[in-house]
**Q** 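Below is the structure I would like to discuss, written out as structure tokens.
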Protein chains: 2
Amino acid sequence: MNNVRFSTALHILTLHYYMKDEMLTSDFIAGSMNVNAAIVRKETSNLRKCGLVTTKEGKGGGTMLAKQAKDIRLSDVYNAVRQTSPLGKKNVPNPACPVGKQINTELDILYNKAEEAMVSKLAAVTLEAFCKPII
Amino acid sequence: MNNVRFSTALHILTLHYYMKDEMLTSDFIAGSMNVNAAIVRKETSNLRKCGLVTTKEGKGGGTMLAKQAKDIRLSDVYNAVRQTSPLGKKNVPNPACPVGKQINTELDILYNKAEEAMVSKLAAVTLEAFCKPII
DNA sequence: TATACTGTAATAAAAAACATTACAGTTAAT
DNA sequence: ATTAACTGTAATGTTTTTTATTACAGTATA
């Protein structure tokens, strides 16, 4: 997860909060963020699949928040972009090693607990609460 | 942090717990883990700088735990290998955008809180407790 | 002084992330 | 109907990050 997706998604959503109820195009968002419009479209497309925004194709189209900012939690954003554990990847151990054989099972459990702790912290913050100090 | 370093470091420490009080060479550890010995030496070297292991150069040398397994917390391991935030990188925003200008400050605060939540979960687990189900 | 180690730099290879281009499909306005 | 302005997404290229490998200087032991 050492990428910019969480930050990108949150930036997109924050812009929407700021531009209340306006339909935003990928070009507009991309300009604000200094990235290519195709990247924005990829992420809004993903956020739509996750129920956080609605999109409209064709002329006059764009993206809007699908719910009120107070009903979007940062854990929703995290889950929308999450790909790998925040603790990183596991090794592929030597199957002849007795320790290696079992360590990944324990790592799975540990990773889940640790991630859960982080996610519940994110769940305590709504998009609205996150945006307040910005606006 | 989408790498294998946390897993690697923990694997090394677990092997040491398993091989109680024996001095382990990088070749031995590397064999158990299916990785190159130079990678193990890089990580043990780092773990030494962080006070988790002691190393000995020259013939008959190798690595040992620097403290008892009950006194090593997984948060120590995390801090030893941590490089970037578990929520990923931030964007480089367009300085002309009022939202972009402030969002990274808020992200810093958020990232710190979220990471802290994860780290305190890791702090609750000692190397000994982690290893118990393995051994 | 030979042997068996660590430490680390340099480099190469592989994987992941990011950026760009292109264009099909959709909608609205004229 | 045609044009213009959008999204969606695939294909491709580039850059960055991560991992692996090689090599060898330095150190300790016998």
Side-chain angles (χ1 to χ4, degrees), chain A residues 1-9 11-12 16 22-31 33-50 52-66 80-94, chain B residues 1-9 11-12 16 22-31 33-50 52-66 80-94:
Chain A
M1 243 287 275
N2 192 12
N3 59 28
V4 86
R5 282 190 65 196
F6 181 82
S7 161
T8 298
H11 199 141
I12 292 170
H16 276 97
E22 280 187 58
M23 185 79 97
L24 304 183
T25 69
S26 61
D27 266 346
F28 173 84
I29 298 171
M33 294 178 63
N34 261 344
V35 298
N36 193 285
I39 290 177
V40 173
R41 290 202 290 273
K42 263 181 219 158
E43 198 56 66
T44 51
S45 175
N46 176 55
L47 292 172
R48 171 177 51 75
K49 286 165 189 159
C50 296
L52 299 184
V53 301
T54 54
T55 62
K56 185 161 179 286
E57 290 183 51
K59 191 172 179 182
T63 311
M64 286 185 69
L65 292 185
V81 302
R82 169 221 144 84
Q83 290 172 310
T84 59
S85 163
L87 287 174
K89 292 175 291 195
K90 286 173 288 186
N91 279 101
V92 179
N94 178 346
Chain B
M1 246 282 280
N2 193 10
N3 60 27
V4 85
R5 282 190 65 196
F6 180 81
S7 161
T8 298
H11 199 141
I12 292 171
H16 276 97
E22 280 187 59
M23 184 79 96
L24 304 183
T25 69
S26 60
D27 266 347
F28 173 83
I29 297 171
M33 295 179 60
N34 261 344
V35 298
N36 193 285
I39 290 177
V40 173
R41 290 201 290 274
K42 262 182 220 159
E43 199 56 67
T44 52
S45 175
N46 176 55
L47 292 172
R48 172 178 49 77
K49 286 166 189 158
C50 296
L52 300 184
V53 302
T54 53
T55 62
K56 186 161 178 288
E57 289 183 52
K59 190 173 179 180
T63 311
M64 287 184 70
L65 292 185
V81 301
R82 169 219 144 86
Q83 288 172 311
T84 59
S85 163
L87 287 173
K89 291 176 291 194
K90 286 172 287 186
N91 278 101
V92 179
N94 178 345

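Lettering of chains follows the sequences in order, A, B, ..., and the numbering in each one begins at 1.
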**Q** What is the distance, to the nearest angstrom, from the CG atom on B:Asn46 to the C1' atom on C:dA9?
**A**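 Distance, rounded to whole Å: 16 Å.
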**Q** Look at the side-chain N and O atoms of A:Thr25 and state whether any lies under 4.0 Å from the OP1 or OP2 oxygen of D:dA5.
**A**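 Looking at the OP1 and OP2 atoms of D:dA5, neither is under 4.0 Å from any side-chain N or O of A:Thr25.
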**Q** Does a side-chain N or O of A:Lys56 approach OP1 or OP2 of C:dG25 to a distance below 4.0 Å, or not?
**A**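 Answer no for this pair, as no side-chain N or O of A:Lys56 is under 4.0 Å from OP1 or OP2.
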**Q** For A:Asp27 and D:dA4, give me the distance from atom CG to atom C1', rounded to whole Å.
**A**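 It works out to 13 Å between those atoms.
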**Q** So which atom in B:Ala80 and which in B:Leu47 form the shortest heavy-atom distance, rounded to 0.1 Å?
**A**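 Nearest heavy atoms, B:Ala80 then B:Leu47: CB-CD2, 4.1 Å.
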**Q** Please give, in whole Å, the distance from D:dT18 P to B:Glu43 CD?
**A**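 Rounded to whole Å, this separation is 13 Å.
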**Q** To the nearest angstrom, how far is B:Asn36 atom CG from C:dA10 atom C1'?
**A**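 So the CG-C1' distance, B:Asn36 to C:dA10, works out to 14 Å.
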**Q** Just how far, in rounded Å, is P of C:dT6 from CZ of B:Phe28?
**A**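 Those two atoms, CZ and P, are 12 Å apart.
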**Q** Reckon B:Arg48 has a side-chain N or O less than 4.0 Å from the OP1 or OP2 of C:dT6?
**A**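 It does not, given that no N or O in the side chain of B:Arg48 lies less than 4.0 Å from OP1 or OP2 of C:dT6.
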**Q** Among all residues two or more places apart in sequence or in another chain, which pass the side-chain hydrogen bond (donor to acceptor under 3.5 Å, both in side chains) test with A:Asn46?
**A**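 By the side-chain hydrogen bond (donor to acceptor under 3.5 Å, both in side chains) rule, A:Asn46 matches A:Glu43.
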**Q** Map B:Ala38 and B:Gly60 onto DNA chain C by nearest heavy atom, then report which one ends up closer to the 5' terminus.
**A**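 Checking each residue's closest nucleotide, the 5'-ward one belongs to B:Gly60.
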**Q** Any side-chain N or O of A:Ser45 less than 4.0 Å from the OP1 or OP2 oxygen of D:dT9?
**A**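 It does, given that an N or O in the side chain of A:Ser45 lies less than 4.0 Å from OP1 or OP2 of D:dT9.
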**Q** Please write out the pairs of protein N or O atoms and N or O atoms of nucleotides 24-27 of chain D separated by less than 3.5 Å, giving the distance to one decimal.
**A**
unit_1: D:dT27; atom_1: O4'; unit_2: B:Glu57; atom_2: OE1; d: 3.4
unit_1: D:dT27; atom_1: O2; unit_2: B:Gly58; atom_2: N; d: 3.4

**Q** Check whether any side-chain heavy atom of B:Ile29 lies under 4.5 Å from a side-chain heavy atom of B:His11, and answer yes or no.
**A**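 No, too far: nothing below the 4.5 Å cut-off.
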**Q** Whether the side chain of A:Asn94 engages the backbone of B:Asn34 through a donor-acceptor N/O pair (distance < 3.5 Å, no angle test) should be reported.
**A**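 Flag not set: sc A:Asn94 to bb B:Asn34 has no pair under 3.5 Å.
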**Q** Looking for any heavy atom pair under 4.0 Å, which part of the strands does B:Ser26 touch: base, sugar-phosphate only, or nothing?
**A**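 Sugar-phosphate contact only.
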**Q** Could you tell me, to 10°, how much the axis swings from one end of the helix from C:dT1-D:dA30 to C:dT30-D:dA1 to the other, five pairs per end?
**A**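 Terminal axis comparison yields 10°.
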**Q** Take atom CD1 of B:Ile12 and atom P of C:dT6, then tell me their distance rounded to the nearest Å.
**A**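 About 11 Å, once rounded to whole Å.
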**Q** Can a side chain N or O of A:Arg5 be found less than 4.0 Å away from OP1 or OP2 on C:dC18?
**A**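 No.
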**Q** Which donor-acceptor pairs under 3.5 Å do the side chains of residues 53-65 of chain A make with protein atoms, sequence neighbours left out?
**A**
unit_1: A:Thr55; atom_1: OG1; unit_2: A:Arg48; atom_2: NE; d: 3.2

**Q** If you look at every heavy atom in B:Val81 and B:Ala9, which pair is closest and at what distance?
**A**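 Shortest heavy-atom separation between B:Val81 and B:Ala9 comes out as CG1-CB, 3.9 Å.
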**Q** A:Ile39 has an atom CD1; how far is it from atom P of D:dT12, in whole Å?
**A**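 So the CD1-P distance, A:Ile39 to D:dT12, works out to 18 Å.
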**Q** Write down the distance between NZ (A:Lys42) and P (C:dA17), rounded to a whole number of angstrom.
**A**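 About 13 Å, once rounded to whole Å.
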**Q** Would you indicate whether the side-chain heavy atoms of A:Thr8 and A:Val35 approach each other to under 4.5 Å?
**A**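 Of all side-chain heavy-atom pairs linking A:Thr8 with A:Val35, none is under 4.5 Å.
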**Q** What heavy-atom pair brings A:Ala37 and A:Asp27 nearest, and what distance separates the two atoms?
**A**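 Shortest heavy-atom separation between A:Ala37 and A:Asp27 comes out as CB-OD1, 3.4 Å.
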**Q** State which residues pass side-chain contact (heavy atoms from CB on, under 4.5 Å) with B:Ile39; sequence neighbours excluded, sorted by chain then number.
**A**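 So B:Ile39 forms a side-chain contact (heavy atoms from CB on, under 4.5 Å) with B:Asn36.
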**Q** To the side chain of A:Lys89, which of C:dA10, C:dT20, D:dT19 is closest?
**A**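 Nearest nucleotide to the side chain: D:dT19.
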**Q** Suppose we screen for side-chain hydrogen bond (donor to acceptor under 3.5 Å, both in side chains). Which residues come up paired with B:Ser7, at least two apart in sequence or across chains?
**A**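 side-chain hydrogen bond (donor to acceptor under 3.5 Å, both in side chains) list for B:Ser7, sorted by chain: A:Asn91.
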